[in-house]
There are 2 protein chains.
Amino acid sequence: MSRPPSAKEKIIDAYVSMLCNEGERAATMEATAAKAGVSKGGLLYHFASKELLAQGAIEGLFKSHEEDMELMSSAPEGPAIYFVRTSTMIGGDLDRYFLAVLRLAQGGHEPSVIALDQVQQSWLDLIRSEVSDKYAAEAIMLIGEGLYYQTSMPGSWSTGTFGKDLEHLLKQVQRLKNGS
Amino acid sequence: MSRPPSAKEKIIDAYVSMLCNEGERAATMEATAAKAGVSKGGLLYHFASKELLAQGAIEGLFKSHEEDMELMSSAPEGPAIYFVRTSTMIGGDLDRYFLAVLRLAQGGHEPSVIALDQVQQSWLDLIRSEVSDKYAAEAIMLIGEGLYYQTSMPGSWSTGTFGKDLEHLLKQVQRLKNGS
DNA sequence: GTCTATAAGTCGATAGAC
DNA sequence: GTCTATCGACTTATAGAC
């Protein structure tokens, strides 16, 4: 797992970084190749089209998501709090891949839209296994999504008005968890 | 106000529609001109650059927002419920402009990021004038943003899992409004 | 496997006729 | 005010040398 990164891994990593930090428009194959330290032709040997590059990012998301679901299931505070808390975190593998695929989806990439739907549905399912009230679970899910949507704004990485007083916000989530 | 639409208005309307329905990448000047029924040169007479086209969309947002703030202030159910309810609505002027500017912001357009910040701040201010608990107000705001972020997915205009049972979700908002 | 060179198309913007 | 024609830069993808 910690073997020297293959060229393919370096390219995907560069592509994901470009998507997160510079936006979808800036994440061209040429810029990705330069950031990965290879030439355009070298990149195209590993990923014959831009579509395959996007597929690589989606596969990375699924892999990170699978690992995170284990953590979310067994979180001491419960899945709901874990979910909202991690919605404001950045830097982890899952966050990087999620934001990268979100950028692709926002740009109109259909497979990315479908992949995000799948991931979010599995989050909602897990929260609903903890929070019996269906609509309270949805409200909690939406708070997490709202937080993520805010941090996903280009330029304003986590500099939002929320997030700072996260613990206070989590108390509101607790109120939703405790049935009416 | 209901005079025959000028070419300028037709162009802005076409541009906003392209942004909403096809995404930022597809909203090229050529495609916008075609949808507005003019040539590329004709478009460039009214908007000498793409940046000016984006400014037109932002101005449309501010104009619609100003009118909506009056409705939100005087809504019978109160600003908070009004806000969450209208987060799932599509087709109105405000929603169209907001989504269009959101697409620009997600693509990295800084003036759009700033414009959205202003609009959202004014919403939060109004909600906080009704909901005294600061963090309950933030939670309500995030629910509305989460709903909007969901409907803003290209292709899946309002076909999300929420929104259908909006009245049930609004009961959760009511719970947040009534202090703990 | 990785490179250079280049084809083929698209985008924003300019120039000038009408 | 609106059009056609075109430029230059950029982007994806191909071809072929090493």
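Here is the naming used below: chain letters follow the sequence lines, and residue numbers restart at 1 for every chain. Computed from heavy atoms alone, side chains included, the values below leave out hydrogens, waters and symmetry copies. Just so it is clear, the structure is predicted and the values come from calculations on it, not from any experiment.
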A/Ala80: side-chain contact (heavy atoms from CB on, under 4.5 Å) partners, not counting sequence neighbours
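With neighbours one apart ignored, the set is A/Ile127, A/Glu130, A/Val131, A/Ile140, A/Lys177.
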
Quick one: list whatever passes side-chain contact (heavy atoms from CB on, under 4.5 Å) with B/Arg25, sequence neighbours left out.
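With neighbours one apart ignored, the set is A/Glu24, A/Lys50.
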
Counting only N and O atoms by type, is there a donor-acceptor contact under 3.5 Å from the side chain of B/Arg103 to the main-chain atoms of B/Leu19?
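Yes, because the side chain of B/Arg103 sits within donor-acceptor range (under 3.5 Å) of the backbone of B/Leu19.
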
Under a 4.0 Å heavy-atom cut-off, which of residues 22-33 of chain B touch DNA chain D?
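None, since no heavy atom is under 4.0 Å.
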
So which of residues 43-61 of chain A are in contact with DNA chain D, with a heavy-atom cut-off of under 4.0 Å?
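Under 4.0 Å from DNA chain D: A/Leu44, A/Ser49, A/Lys50.
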
For residues 6-42 of chain A, which residue pairs qualify under ring pair (Phe, Tyr, Trp, His ring centres under 6.0 Å), counting only residues two or more places apart or in two chains?
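Not a single pair qualifies under ring pair (Phe, Tyr, Trp, His ring centres under 6.0 Å).
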
Would you mind listing every ring pair (Phe, Tyr, Trp, His ring centres under 6.0 Å) that reaches into residues 68-97 of chain B, with sequence neighbours excluded?
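Output for this query lists B/Phe83-B/Trp123.
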
Distances for protein N/O vs nucleotides 4-9 of chain C N/O pairs under 3.5 angstrom?
none

Under 4.0 Å from a heavy atom of chain B: give me the 5'-most and 3'-most nucleotides of DNA chain D that qualify.
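With heavy atoms of chain B under 4.0 Å away, the range is D/dG1 to D/dT4.
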
Who passes salt bridge (Lys or Arg N to Asp or Glu O under 4.0 Å) against A/Asp125, sequence neighbours left out?
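So A/Asp125 forms no salt bridge (Lys or Arg N to Asp or Glu O under 4.0 Å) with any residue.
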
By salt bridge (Lys or Arg N to Asp or Glu O under 4.0 Å), which residues pair with A/Lys134, not counting sequence neighbours?
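In terms of salt bridge (Lys or Arg N to Asp or Glu O under 4.0 Å), with neighbours along the sequence ignored, A/Lys134 is linked to B/Asp165.
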
Show the atom names and distances, to 0.1 Å, of all donor-acceptor pairs under 3.5 Å that link a side chain in residues 35-48 of chain A to residues at least two apart or in another chain.
{"from": "A/Ser39", "atom 1": "OG", "to": "A/Gly42", "atom 2": "N", "distance (Å)": "3.1"}

Which pairs count as salt bridge (charged side-chain N to carboxylate O under 4.0 Å, His left out) when at least one residue sits in residues 144-153 of chain A, sequence neighbours excluded?
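Passing the test, one end in residues 144-153 of chain A: no pairs.
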
Would you call B/Arg128-B/Asp133 a salt bridge at under 4.0 Å N-O?
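A salt bridge is absent here (no side-chain N lies under 4.0 Å from a carboxylate O).
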
With B/Ser64, which of B/Val119, B/Asp95, B/Asp93 fulfils side-chain contact (heavy atoms from CB on, under 4.5 Å)?
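Looking at B/Val119, B/Asp95, B/Asp93, the match for B/Ser64 under the side-chain contact (heavy atoms from CB on, under 4.5 Å) is B/Asp93.
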
Do B/Arg85 and B/Glu77 pass the side-chain contact (heavy atoms from CB on, under 4.5 Å) test, and can you show the C-alpha distance, the side-chain angles, and the key distance before you say yes or no?
CA-CA 10 Å; B/Arg85 192 186 291 284; B/Glu77 297 174 302; 2.7 Å; yes

